[in-house]
Amino acid sequence: CRTIRSHFGSRFGSSPVSVAPSSVVARIAMAPKFDPNEVKVVFLRQYGGEQAPSSVLAPKVGPLGMSPKKVGDDIVKGTSQWKGVRVTVKL
């Protein structure tokens, strides 16, 4: 690790700051390998029988490879009996 001095001077202290080499940062930041057999569970809370905006669903189901539009349509079908009531949906 390299050290650099704070450019703020004595105002915030002059203690050195430790900086990791870019190769260490790259190894830490990499995502784990994708396992197709792994089961992921996502809980959503929304009004029954109503389509949730894709902008709400996309961050939750997009990384799992699912289409937010199709998931929203399935939620509408499954919760049509509880129109207007907030329900918790388990995907």
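Starting from 1, each residue takes its place in the sequence as its number.
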Show the atom names and distances, to 0.1 Å, of all donor-acceptor pairs under 3.5 Å that link a side chain in residues 81-91 to residues at least two apart or in another chain.
from	atom 1	to	atom 2	distance (Å)
T88	OG1	R45	NH1	3.3

| query | Applying side-chain hydrogen bond (donor to acceptor under 3.5 Å, both in side chains), which residue pairs with at least one partner in residues 65-75 are found, sequence neighbours left out? | reply | none
| note | The salt bridge (Lys or Arg N to Asp or Glu O under 4.0 Å) partners of K60 (sequence neighbours excluded) come to none
Run the side-chain donor-acceptor check on residues 46-58: report pairs under 3.5 Å with partners two or more places apart or on a different chain.
from	atom 1	to	atom 2	distance (Å)
Q46	NE2	E50	O	2.8

